[in-house]
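Note that this is a predicted model, so its numbers are computed, not measured. Computed over heavy atoms, backbone and side chain alike; hydrogens, waters and symmetry mates excluded.
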Number of protein chains: 2
Amino acid sequence: MGATIKDVAKLAGTSTATVSKVMNGSYSISQETADKVRKAMEELDYHPNLRAKNFARQSARTIIFVAELGKGTGFANPQMFEILCGLEEVLAQKDYTLVVRNIAAGDCAEFIRNAADTKQADGFVIHASVISQALDELLFTHEIPHIVIGNPNFNSHFCWLDIDNRLAGELAAKHLLERGCQSVAFIGGKPEDQISARRLDGVLTVLKEHDVLLPREYVKKGESVCDSGYRMTMQILENRRRPDALVCADNYIAYGCVNALHDRGILIPEEMKVITFDDFPFSQILKPMLSVVNIDVYDMGVQAGKYILQKIKRPNLYVQSHITFPTLIIREST
Amino acid sequence: MGATIKDVAKLAGTSTATVSKVMNGSYSISQETADKVRKAMEELDYHPNLRAKNFARQSARTIIFVAELGKGTGFANPQMFEILCGLEEVLAQKDYTLVVRNIAAGDCAEFIRNAADTKQADGFVIHASVISQALDELLFTHEIPHIVIGNPNFNSHFCWLDIDNRLAGELAAKHLLERGCQSVAFIGGKPEDQISARRLDGVLTVLKEHDVLLPREYVKKGESVCDSGYRMTMQILENRRRPDALVCADNYIAYGCVNALHDRGILIPEEMKVITFDDFPFSQILKPMLSVVNIDVYDMGVQAGKYILQKIKRPNLYVQSHITFPTLIIREST
DNA sequence: ATGAAAGCGCTAACAA
DNA sequence: TTGTTAGCGCTTTCAT
């Protein structure tokens with residue numbers, strides 16, 4: 001065990017209170033004693049015990065990141081990790097500790113209640129996959145600092161942070177317009193896939209504004225996997241009039257799409273422009289390299305961290321929704 | 001703030017010590033008082049303050065995962081997250097808290113020293129990217145429970161856990177042999193890439209045993225990117241005699257390799273078998289789906305967790321190296 | 001400007 | 001079987 005505040009006080013010939021004051025930069029300490037204390041600290045190689053400090057202060061200086069983890073999450077959802085990294089950056093900078101906790105959606109409210117109750121953490125960053133009405137109520141009535149990553153799909157008091165997928169769709173469409181596209185098709189995920197739907201929505205809005213048509217048969221909904229993207233692309237190519245641009249709802253679909261175009265001998269981007277969303281995992285590697293509307297998920301983590309810290313400092317602050325903005329990355333496919 | 005142990009004691013008409021004993025299942029408590037205490041707890045909705053408990057016990061029940069994080073890590077290294085998930089599973093089960101901490105290699109020793117000193121954590125799981133001689137010495141002399149993820153490339157006292165890449169290479173080669181391959185080529189990463197080198201080593205061992213040749217011109221070293229894989233494959237195809245199987249050192253190389261074969265109109269697996277390592281990110285999605293020698297990285301996290309917990313319990317236990325075994329996943333490409 | 005002392009909530013000897 | 005009491009290492013109030 002290292003030196004404690006007592007040891008420092010003894011060596012410096014002061015009281016522990018004085019040492020504490022020196023550490024915390026109190027103005028009511030003379031330069032002289034401050035120097036003495038600091039010298040003693042150095043000599044003893046003193047490092048204050050964070051846990052004791054937090055305990056005394058009745059604050060944990062800890063944020064818990066709560067999500068449904070499990071085998072495969074790392075590969076299936078690298079974004080979550082990326083967010084985590086961004087979060088860590090902000091928290092570490094302010095000397096906050098980040099703990100990661102896997103929890104099933106059903107147990108989440110109970111877990112957070114207990115953790116908040118026993119002051120294990122000052123705040124929570126919660127992945128949308130584990131939220132519930134019960135949790136909403138808990139967080140709201142107990143005024144527990146939190147931020148949800150992802151837009152809750154029910155009415156709630158949650159404070160949340162999400163991507164503006166509609167805007168992302170708009171950006172994609174605008175870019176294609178600028179490239180001179182006259183007719184655009186959209187191949188998306190399942191009908192109930194909110195993200196895909198919002199992206200389509202944004203695309204439609206812009207196209208309508210510019211009187212570019214996107215007829216019914218140019219909108220396909222399938223699954224977020226390569227094969228489905230392949231099939232949907234083939235279907236679109238069956239139309240007598242072929243579009244000159246394809247918006248793919250995500251990377252997996254885009255991969256199938258590119259394969260289909262390749263098999264048909266259709267040149268990208270000369271004969272067909274292709275654009276998709278999110279800068280991973282294929283967009284940077286596929287040939288041609290795909291233009292994408294990207295979300296800076298690391299930055300989402302940073303934002304989440306900043307918010308939660310603010311919320312802890314000023315609990316009366318209440319901002320319900322935070323949106324992060326997508327940006328366009330132009331590569332070979334457009 | 002919720003009820004404290006004092007409140008419970010008062011309500012139950014006992015001392016706090018008794019309450020503590022009830023909580024911790026001491027045998028020396030009568031059924032009667034135990035019931036009284038438990039009833040009081042219930043009534044007050046008492047939840048013990050974990051931080052106070054740990055502080056009093058001088059134990060943190062916390063493991064810190066230390067690695068070099070940062071923007072892009074989530075995408076570049078999903079395995080790290082996967083390991084983290086496995087780790088969390090074991091720790092949570094034993095009521096340990098997992099904290100994640102980004103640290104530059106240079107600051108790692110200092111950070112861990114301080115964290116261990118002030119008992120912020122009972123143990124550390126350290127990614128090999130941040131280890132150093134100084135850290136080795138620290139961990140060794142202070143007997144700090146730890147496990148390094150990845151084989152240290154210098155002589156050390158570290159306890160570490162890694163994949164047996166040599167064995168992985170052997171498995172790949174054996175599988176090809178079983179498929180009747182007569183001549184195998186290897187396309188790998190940079191010459192200094194240890195992982196690639198060990199995999200090659202394993203391949204060579206098995207082939208030699210079975211008198212299958214792998215001539216010099218069938219071993220290529222490039223970079224772990226798609227383009228490089230493409231080029232290396234093309235080079236191999238230039239030989240007058242073509243191999244009937246290709247071992248790719250990793251997924252990125254394999255992706256380029258498959259592209260090259262496709263462009264040359266060579267059928268997989270009929271004319272050329274392809275096998276690679278790690279079940280991500282392309283192997284499951286590429287057409288054809290790739291056979292791979294896979295490492296269960298989630299399980300690596302689990303192993304790491306189990307070890308660190310054991311080490312905390314029994315500090316005199318010393319096992320330096322732990323190896324996890326790869327397994328073969330046969331898909332379309334062989 | 002400094003120090004004495006009372007916590008923070010719980011544990012763990014040691015007594016009783 | 002139960003209670004008393006002294007910590008754990010630091011903060012903070014209130015004297016001085």
Side-chain angles (χ1 to χ4, degrees), chain A residues 1-38 40-41 44-62 95 97 114-122, chain B residues 1-38 40-41 44-62 95 97 114-122:
Chain A
M1 185 69 237
T4 75
I5 198 172
K6 270 190 189 165
D7 303 322
V8 176
K10 196 176 296 171
L11 183 61
T14 69
S15 73
T16 61
T18 304
V19 176
S20 173
K21 281 168 188 157
V22 171
M23 280 195 284
N24 298 294
S26 165
Y27 287 110
S28 70
I29 293 289
S30 73
Q31 187 60 46
E32 199 181 3
T33 44
D35 287 344
K36 256 194 326 198
V37 168
R38 262 187 265 275
M41 286 175 168
L44 294 169
D45 192 25
Y46 169 74
H47 295 275
N49 182 319
L50 238 191
R51 289 171 347 102
K53 170 183 287 191
N54 287 334
F55 178 53
R57 283 195 172 142
Q58 289 293 88
S59 95
R61 274 208 164 240
T62 294
D95 274 323
T97 296
N114 184 255
D117 234 48
T118 62
K119 288 217 174 30
Q120 283 179 64
D122 315 293
Chain B
M1 187 66 238
T4 75
I5 198 172
K6 270 190 190 165
D7 303 322
V8 176
K10 196 178 294 171
L11 183 62
T14 68
S15 74
T16 61
T18 304
V19 176
S20 173
K21 281 167 189 157
V22 171
M23 281 195 285
N24 299 294
S26 163
Y27 288 110
S28 68
I29 293 288
S30 72
Q31 187 61 45
E32 200 179 2
T33 45
D35 287 345
K36 257 195 325 199
V37 168
R38 263 188 266 276
M41 285 176 169
L44 294 169
D45 192 25
Y46 169 73
H47 294 275
N49 182 319
L50 237 193
R51 290 173 343 102
K53 170 184 288 192
N54 286 335
F55 179 52
R57 281 193 173 144
Q58 288 294 86
S59 98
R61 273 208 165 242
T62 294
D95 273 324
T97 296
N114 182 252
D117 232 49
T118 63
K119 289 217 175 27
Q120 283 177 65
D122 315 294

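Contact between the side-chain N/O atoms of S30(A) and the OP1/OP2 oxygens of dT2(C) is found at a separation under 4.0 Å. Applying the 4.0 Å criterion to OP1 and OP2 of dT11(C), one finds that N24(B) has a side-chain N or O inside that range. The shortest distance between the side-chain N/O atoms of T33(A) and the OP1/OP2 oxygens of dT2(C) is below 4.0 Å. Phosphate proximity of dG9(D) to Q58(B): present, with a side-chain N or O under 4.0 Å from OP1 or OP2. OP1 or OP2 of dC10(D) has at least one side-chain nitrogen or oxygen of Y46(A) nearer than 4.0 Å. Put simply, T18(B) has a side-chain N or O that comes within less than 4.0 Å of OP1 or OP2 on dG3(D). Distances shorter than 4.0 Å separate none of the side-chain N or O atoms of S15(A) from OP1 or OP2 on dA4(C). Between T4(B) and dG9(C), a side-chain N or O to OP1/OP2 separation shorter than 4.0 Å is absent.
The backbone N or O of I29(A) lies less than 3.5 Å from no partner atom in the side chain of S26(A), so there is not a single donor-acceptor pair. In this structure a side-chain-to-backbone donor-acceptor pair under 3.5 Å is present from D7(B) to T4(B). Side-chain atoms of T18(B) do not come within 3.5 Å of backbone N or O of T14(B) as any donor-acceptor pair.
Heavy-atom nearest nucleotides on DNA chain C were determined for T16(A) and for A56(B), and the one closer to the 5' end corresponds to T16(A). Comparing G13(B) and A52(B) by the nucleotide of DNA chain D that holds the closest heavy atom to each, the one mapping nearer the 5' end is G13(B).
Rounded to whole Å, atom P of dC10(C) lies 17 Å from atom CZ of R61(B). Across the protein-nucleic acid pair, R57(A) atom CZ and dT13(D) atom P stand 12 Å apart, rounded to whole Å. At whole-Å resolution of the value, CG in L44(B) and P in dG9(C) are 14 Å apart. The interatomic distance linking K53(B) (NZ) with dC8(C) (C1') rounds to 16 Å, in whole Å. When rounded to the nearest whole Å, the span between CZ of R51(A) and C1' of dT11(D) equals 17 Å. Rounding to whole angstrom units, NZ of residue K36(A) and P of dA1(C) are separated by 14 Å. For the pair M41(B) CE and dG9(C) P, the computed distance is 16 Å after rounding to whole Å. Taking atom NZ of K6(A) as the reference point, atom C1' of dC8(D) lies 9 Å away to the nearest angstrom.
Remark: the K119(B) side chain and the dG9(D) base include no donor-acceptor N/O pair separated by less than 3.5 Å.
With dG3(D), dA5(C), dC10(D) as the candidates, the nucleotide lying closest to the side chain of N49(A) is dC10(D). Proximity note for K21(B) (side chain, C-beta onward) versus dG3(C), dG3(D), dG9(C): the nearest is dG3(D).
dC8(D) has its base stacked against the ring of F55(B), the centroids being under 5.5 angstrom apart at an interplanar angle below 30°.
Using a 4.0 Å heavy-atom cutoff across all strands shown, N54(A) reaches no nucleic acid atom at all.
Here the shortest heavy-atom pairing between R61(B) and D122(B) reads N-OD2, 2.6 Å. When all heavy atoms are compared, the tightest approach of I5(A) to M23(A) is CD1-CE, 3.7 Å.
Looking at heavy atoms from C-beta onward, M41(B) lies in side-chain contact with V19(B) at the 4.5 angstrom threshold.
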